[in-house]
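Structure first, then comments.
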Number of protein chains: 2
Amino acid sequence: MTARVSVAPQDPVEFPGEPRWLDADEQRAWRAWLYSAQLLMDRLDRELTHETGISHAYYEILVALSETEGRMLRMSELADRCLSSRSRLSHAVSRLEERGWVRRQICPEDGRGQLAVLTDEGFAALEAAAPVHVGSVRAHLFDQLSPGQVEAMRDLGETLLRHLGPR
Amino acid sequence: MTARVSVAPQDPVEFPGEPRWLDADEQRAWRAWLYSAQLLMDRLDRELTHETGISHAYYEILVALSETEGRMLRMSELADRCLSSRSRLSHAVSRLEERGWVRRQICPEDGRGQLAVLTDEGFAALEAAAPVHVGSVRAHLFDQLSPGQVEAMRDLGETLLRHLGPR
DNA sequence: GTAGCGTAGTTGAAGGCTTGACTATTCCGC
DNA sequence: GCGGAATAGTCAAGCCTTCAACTACGCTAC
């Protein structure tokens, strides 16, 4: 993490000069954010996987598909929505195909493209998993926060998204 | 159904009946948090790995060791501080050992235990990486936020940690 | 029509992570 | 001391992700 190690006055190319180290308050804020984010994601993923056999990554794919007209999306569009690389998504869809939850279909408008289509079995699996996931998010996130904190969380997230966000 | 082996000393969550679904505001807050957290972590890890060849996971191990008296820790203590499983840490330390940055040492007080010790080379690698990491955290996090937002971030993180947190 | 380039998506190898089993050691009650 | 339970750590198998090719198609200009 942000160790306060002193460094020789030699300039690394991209980050020249002595960096502005984090002060004690920033340290504390950063660690609290990092630890809580890691623990929360880990917890949600574990509970979902354990109760339903669906990892959070797979869950996001199923959700993204279920929210579209026709329950289908181009592979790259799906990858973008899931914050996933093309390659990663391709592998993941292959594994979902093996489970019978998604199938591939050649895209009519663009011969290069593929459509990932959510099957009825896939939708049923999602329906079964959704209450578990919502339960976890409530228990470990919303039930722990005041309305003001929820508001702050949204504000924080949206501010960061404006900087990091999809282009 | 599932055996539900609870690893953490925490109540397993029950998911009875119809869940309390997220309303539109909660949805929005949740997605903003989730996406921003994923993007930020991904960004920090990528920049660090790209500039220094050290992944964020390895960086955390080096930092944890560097902050202790004697720059050494028991394997399990190190795993806890890095939010890592024992197995994962054991693998990671093996790879850090191959790089010459950490070495294992039998624990004098407990024959079962191992100490992970940060070498001088490891400390030097950390010194070189630290400015890069701090630069990323500043650029993508603190430079984007107002003082009030930083305060809110700390509050949020600490509130969640009280619920999820270690022991 | 075809050359050249950009885009969409897949693939395979390499390596990291997780799970569960396994060894070795210590602790504790007798 | 001794036997059983608990603890520390490692290891192997399998899954997942990444990276760097690679195939296939579309678009534009000549």
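This one's a predicted model, so the numbers in the text were calculated from it and none came from an experiment. Values below: every heavy atom of this structure, side chains too, minus hydrogens, waters and symmetry copies. Letters go in sequence order (proteins before strands), and every chain restarts at 1.
Whole-Å rounding puts the B:Glu109 CD to C:dT25 C1' distance at 15 Å. In this structure, A:Leu115 atom CG and C:dA8 atom P are separated by 13 Å, rounded to whole Å. Rounded to an integer number of Å, the gap from B:Arg99 CZ to C:dG15 C1' is 12 Å. The interatomic distance linking B:Leu78 (CG) with D:dG9 (C1') rounds to 13 Å, in whole Å. If you take NE2 of A:His50 and P of C:dT18, they are 15 Å apart, rounded to a whole angstrom. Spacing between atom CE of B:Met75 and atom P of D:dT7 amounts to 18 Å, rounded to whole angstrom units. Here C:dT11 presents its P atom at 13 Å from CG of A:Leu89, a figure rounded to the nearest Å. Taking atom CZ of residue B:Arg86 and atom P of nucleotide C:dA24, one finds them 20 Å apart after rounding to whole Å.
Judged by distance alone, the side chain of A:Ser94 and the main-chain N or O of A:Ser90 form a donor-acceptor pair under 3.5 Å.
Which of D:dT10, C:dT26, C:dT10 sits closest to the side chain of A:Gln114 comes down to C:dT10. Taking the side chain of B:His91 as heavy atoms from C-beta on, and the options D:dT10, C:dT18, D:dT17, the nearest nucleotide is C:dT18. Among the nucleotides D:dT10, D:dA8, C:dC17, the one closest to the side chain of B:Arg88 is C:dC17. Here the side chain of B:Arg46 is nearest to one of D:dT18, D:dG9, C:dA8, namely D:dT18. For A:Arg112, taking side-chain heavy atoms from C-beta onward, the closest of the listed nucleotides C:dA8, C:dT10, D:dT18 is C:dA8. Comparing C:dA24, D:dG26, D:dC11 by their closest approach to the side chain of B:Ser87 singles out D:dC11.
Contact annotation: B:Arg74 does not reach the phosphate of D:dT7 (side-chain N/O to OP1 or OP2, under 4.0 Å).
For the 3.5 Å distance criterion, the side chains of B:Tyr58 and B:Arg99 fail to qualify, holding no donor opposite an acceptor.
Ring geometry, A:His163 versus B:His140: the interplanar angle falls from 30° to 60°, so the pair is classed tilted. Ring orientation note: the planes of B:His133 and B:His56 are tilted relative to one another, at an angle of 30° to 60°.
When each of B:Ser55 and A:Glu77 is assigned the nucleotide of DNA chain C bearing its nearest heavy atom, the one mapping closer to the 5' terminus is A:Glu77. Toward the 5' end of DNA chain D, the nearer of the two residues A:Ser85 and A:Gly111, judged by each one's closest nucleotide, is A:Ser85.
Within the 4.0 angstrom heavy-atom criterion, base atoms lie near A:Arg95.
In summary, A:Glu151 and A:Arg154 engage in a salt bridge, as defined by a charged side-chain N under 4.0 Å from a carboxylate O.
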